[in-house]
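Each ligand, and each atom within it, is numbered from 1 in the order the structure gives. Note that the numbering runs from 1 along the sequence shown for the chain. On a predicted model such as this, the values are computed, not experimentally measured, just so you know.
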Amino acid sequence: MVLAELGNKLSAALQKMQAVTVVSEEVIDRMLGEVARALLEADVNVKIVGELRKAIKTRLNFEEEAAGTNRRKTIQRAFVEELSKMLDPGTKAYDMKKSKSNVVMFVGLQGAGKTTTIAKFAHHYQRKGWKCCMVCADTFRAGAYDQLRQNATKLRCPFYGSFSEADPVKIAEEGVRQFRREKYEVIIVDTSGRHRQESALFDEMQEIRAAVEPDDVVFVLDATQGQSVGDQAKAFHEAVDIGSVVVTKLDGHAKGGGALSAVAATGAPVVFLGSGEHFDDFEPFNPRSFVSRLLG
Ligand code: GDP
């Protein structure tokens, strides 16, 4: 995973400080320069890298301590904390409520991994004992219905969709109404993903949103798309008010930095990471443990 590469580079930059006797301004600047380069190479947005650099510098000036061990520790702590802060927008993700119908709508560009993520999401909650179901409101992509239904069958997860109905808003509305009546706890709504951020896609999402009144809107983003995900996330956020983010394809050549950009663009927290095509290749996301793991 390329993320490990980023971790190695960041650790190496910090390690270098251990090798010098005096942690001077120059040493710090050099370290920050290396950190910035590693983050940029990992596709983190240039503006965010600049902000991180500034935040660490400000903290160091503020917490100025004598040269030596203390200073090194302060720098390491500042680095971990500021990096974690970047990944934690400070808003809490929607908290699923037991014995209630929680409607979760999934949005994202075609191919981002939305349908796969929905299956993983359902699997995750099913294993925890939640009553899950799926609604396929993607009438745009031929095959979406079958793909979702096949996953639903494998997971023994009730499914609502239609071959003949062409109006996704109607399907979403009816499916959610039926599952609410049947007291399902996690009602997952799949929506169409198009190639580009067309206005028709956004109009449709907004109509579905108004029809099903979701408790959470999850934006699925493909980590392999690099820098462009920040703008994508922003456009989706403006249209449907994203509540949480899932980053997919972190197993491939993804650099993962897109996740940082997406958090900054939406102010919505990352809730899960996807790292493969299987239902189990899915894990809850925690900024602090992510950063700790990144730094080995
Ligand atoms: P959708 O168009 O957004 O619904 O995307 P799909 O769920 O159909 O996924 C598009 C392709 O990406 C499929 O071939 C999936 O198997 C693959 N995919 C989805 N998530 C992941 C992931 O985390 N890792 C990898 N390697 N492939 C994934």
Which is closest to atom 21 (C) of ligand 1 by heavy-atom distance: Gly276, Gly113, Ala223?
-> Gly276

Of the listed options (Lys120, Gln147, Lys249, Glu277), which comes nearest to atom 11 (C) of ligand 1 when hydrogens are ignored and any heavy atom counts?
->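 Residue with the shortest heavy-atom distance to the ligand atom: Lys249.
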
Run the numbers on Asp215 and Lys100 for salt bridge (charged side-chain N to carboxylate O under 4.0 Å, His left out), then give the verdict.
-> CA-CA 11 Å; Asp215 296 287; Lys100 172 194 176 280; 3.2 Å; yes

Of the backbone atoms (N, CA, C, O) and the side-chain heavy atoms from C-beta on, which set of Leu250 has a member under 4.0 Å from an atom of ligand 1: side chain, backbone, both, or neither?
->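 Neither; nothing of Leu250 gets under 4.0 Å from ligand 1.
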
Within reach of ligand 1, part of Ala144 (heavy-atom separation under 4.0 Å) = neither

Taking only heavy atoms of [X], which atoms of ligand 1 are found under 4.0 Å from at least one of them?
{"X": "Ser275", "value": "23 (O)"}
{"X": "Ala112", "value": "3 (O)"}
{"X": "Gly111", "value": "1 (P), 2 (O), 3 (O), 5 (O), 10 (C)"}
{"X": "Gln110", "value": "2 (O)"}
{"X": "Leu109", "value": "3 (O)"}

Note the single closest protein heavy atom to [atom], along with its residue, its atom name and the distance in Å.
{"atom": "atom 4 (O) of ligand 1", "result": "Thr115 OG1, 2.5 Å"}
{"atom": "atom 3 (O) of ligand 1", "result": "Lys114 N, 2.7 Å"}
{"atom": "atom 15 (C) of ligand 1", "result": "Thr116 OG1, 3.7 Å"}

Where does the angle between the aromatic ring planes of Phe202 and Phe236 fall among parallel (under 30°), tilted (30 to 60°) and perpendicular (over 60°)?
-> perpendicular

For Met134 and Asp190, run side-chain contact (heavy atoms from CB on, under 4.5 Å): C-alpha distance rounded to whole Å, both residues' side-chain angles, the deciding distance at 0.1 Å, then the answer.
-> CA-CA 7 Å; Met134 298 177 192; Asp190 191 11; over 6 Å; no

Report yes if some N/O of Asp251 lies less than 3.5 Å from some N/O of ligand 1; otherwise report no.
-> yes

Give a yes-or-no answer on whether the side chains of Ser244 and Asp216 include a donor-acceptor pair shorter than 3.5 Å.
->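 The answer is yes; a qualifying pair exists.
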
Salt bridge (charged side-chain N to carboxylate O under 4.0 Å, His left out) evaluation trace for Asp231 with Lys234 | CA-CA 5 Å; Asp231 288 342; Lys234 196 155 170 258; over 6 Å; no

From atom 13 (C) of ligand 1, is the closest protein heavy-atom distance below 4.0 Å?
-> no

Following the transitive rule for hydrophobic clusters with a side-chain heavy-atom cut-off under 4.5 Å over Ile, Leu, Val, Met, Phe, Trp and Tyr, establish whether Ile208 and Leu109 coincide in one cluster.
->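 Yes; tracing contacts between hydrophobic side chains, which count when under 4.5 Å, links both residues.
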
Transitive ILVMFWY side-chain link Leu148 to Val107, under 4.5 Å = no

Could you go through the side-chain contact (heavy atoms from CB on, under 4.5 Å) check for Leu39 and Leu52 one step at a time?
-> CA-CA 10 Å; Leu39 288 169; Leu52 177 75; 3.4 Å; yes

Show the numbers, then the answer: is there a side-chain contact (heavy atoms from CB on, under 4.5 Å) between Glu182 and Lys131?
-> CA-CA 10 Å; Glu182 293 171 8; Lys131 243 179 109 181; 5.7 Å; no

